[in-house]
Amino acid sequence: MPELPEAETIRRQLEAEVTGKTVRRLELLHPRAWRAHTSPKELADLVEGRRIVRVGRRGKAPYLLLNSKRPSVLIFRLGMTGLVRVAKVTRRAGASAPAPFRAAGAEAEPSALRAVLTLTGGRELRFYDQRLFGELVAFPTHDVDNTPEFAHYGPEPFSGEFTLDYLKDHLSRRSAKLVDVLMNQQIVAGIGKIYSDEACFRAGVRPGRRAWSVTGPMRERLWRAIREVLSVGIEARGSSAKDETFRDVYGIPGRFQDRMQVYQRTGQPCRVCGTPIKRARIASGRGMHWCPKCQK
DNA sequence: AGTTGGACCTGACTGC
DNA sequence: TGCAGTCAGGTCCAAC
């Protein structure tokens with residue numbers, strides 16, 4: 001599932017690959033590839049003929065800052081299975097459907113192709129999304145943090161705003177489970193199932209605890225663990241575990257799954273103490289994983 | 001307002 | 001072998 005490390009991997013690669021290029025054309029290949037309140041024409045107007053001046057990321061979403069005479073931003077909401085690929089333009093001008101893309105890594109499912117941005121310089125960006133939870137979103141501004149997409153977001157985990165006191169404050173005021181608080185994008189942006197479970201393991205705290213019950217040295221361990229585990233995830237170029245379709249823009253899987261301690265390891269021995277990893281459901285029906293001995 | 005649970009979606013997997 | 005049922009989770013939304 002694309003979370004902050006996966007989005008940051010995409011951001012870094014796109015920055016190197018497409019900065020300075022101009023979007024010639026946007027093709028939308030599925031009615032759910034863009035947000036419903038924007039028409040395809042509005043979206044195309046915000047993207048086509050504009051130069052990519054910067055590549056950014058907020059939480060789990062990479063975005064392109066575009067400009068010609070007026071600024072705009074194109075946000076990739078990746079949802080569950082969203083992928084962004086960079087490819088050479090291989091089809092002839094005027095052809096309506098892109099040829100299946102084969103990259104150095106695993107091949108993306110051609111039927112999951114939702115949108116194509118043709119760029120200058122013979123490159124194109126392809127947006128794939130198997131389960132259709134992702135979409136493209138654009139706004140006529142560079143003030144990204146104040147767009148409807150991100151206005152309600154909490155601080156970036158690596159920003160100076162995400163202090164220990166900030167985390168303590170939000171934990172103490174919540175009765176929800178810790179894992180739900182960590183995944184709440186309004187509290188801190190960029191954490192999903194994988195990295196919340198892994199941060200809790202690293203901090204030695206059970207993800208099912210009520211947030212207010214996380215007190216004392218646990219809070220500082222958790223605060224450090226969040227950033228450590230996200231840093232490791234970024235270094236590993238994201239996570240491509242068994243059920244995960246994530247690939248980088250070249251089609252290459254990430255390596256964080258090799259470092260996972262609890263996520264998707266139900267019943268397997270804890271790498272620290274050998275106790276079988278447990279799994280339980282949280283409010284939204286999703287799973288959380290923890291070691292019953294290492295985590296209190 | 002905060003918390004909880006369902007809906008959305010489809011490929012992979014499970015069990016009969 | 002085939003096919004219905006289940007699982008997976010990011011985000012939104014309704015109900016309490």
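Source: prediction; values computed, not measured. Letters A, B, ... are given to chains in the order of the sequence lines, protein chains preceding strands, and every chain is numbered from 1.
To the nearest angstrom, P of C/dT11 lies 13 Å from NZ of A/Lys193. Between the P atom of C/dT11 and the CZ atom of A/Arg58 lies a distance of 12 Å, rounded to the nearest Å. At whole-Å resolution of the value, CD in A/Glu135 and C1' in C/dC12 are 11 Å apart. One interatomic measurement links the two molecules: CZ of A/Arg114 to C1' of B/dC8, which rounds to 14 Å at whole-angstrom precision. Taking atom NE2 on A/His30 and atom C1' on B/dC8, their separation rounds to 13 Å, with Å as the unit. The nearest whole Å value for the distance from the CZ atom in A/Arg131 to the P atom in C/dG10 is 10 Å. Rounded to whole Å, the distance from CD1 on A/Ile75 to P on C/dG10 is 19 Å. One interatomic measurement links the two molecules: CD of A/Gln186 to P of C/dC13, which rounds to 12 Å at whole-angstrom precision.
Listed by chain and number, the residues in a ring-ring contact (aromatic ring centres under 6.0 Å, His included) with A/Phe133 amount to none (sequence neighbours excluded).
Aromatic ring centres of A/Tyr263 and A/Tyr195: separated by at least 6.0 Å.
Between C/dA8, C/dG10, C/dC12, one nucleotide has an atom nearer to the side chain of A/Arg77 than all others, and that is C/dC12. With C/dT11, C/dG9, C/dA8 as the candidates, the nucleotide lying closest to the side chain of A/Met1 is C/dG9. Comparing B/dT10, C/dG10, C/dA8 against the side chain of A/Leu132 picks out B/dT10 as the nearest.
The pair A/Arg77-A/Glu135 meets the salt-bridge criterion, since a charged nitrogen lies less than 4.0 angstrom from a carboxylate oxygen. Between A/Arg58 and A/Glu149 no salt bridge is recorded (no basic side-chain N to carboxylate O distance below 4.0 Å). Between A/Arg50 and A/Glu48 no salt bridge is recorded (no basic side-chain N to carboxylate O distance below 4.0 Å). Using a cutoff of 4.0 Å between basic side-chain nitrogens and carboxylate oxygens, A/Lys177 and A/Asp180 are not scored as salt-bridged.
Across all strands, A/Gly287 comes closer than 4.0 Å only to sugar-phosphate atoms, never to a base (heavy-atom distances).
Using modelled atom types, one finds no donor on one side chain facing an acceptor on the other under 3.5 Å when comparing A/Thr9 with A/Asp248.
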Anything under 3.5 Å between a protein N or O and an N or O of nucleotides 3-6 of chain B, put it in a table, one pair a line.
| from | atom 1 | to | atom 2 | distance (Å) |
| --- | --- | --- | --- | --- |
| B/dT3 | OP1 | A/Ser175 | N | 2.4 |
| B/dT3 | OP1 | A/Ser175 | OG | 2.9 |
| B/dT3 | OP1 | A/Ala176 | N | 2.9 |
| B/dT3 | OP2 | A/Arg174 | NH1 | 3.0 |
| B/dT4 | OP1 | A/Arg210 | NH1 | 3.0 |

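Contact annotation: A/Tyr263 reaches the phosphate of C/dG9 (side-chain N/O to OP1 or OP2, under 4.0 Å). Side-chain N/O atoms of A/Arg286 include none lying less than 4.0 angstrom from OP1 or OP2 on B/dA7.
Taking a centre distance below 5.5 Å and an interplanar angle below 30 degrees as the stacking criterion, A/Phe133 stacks against the six-membered base ring of B/dC8.
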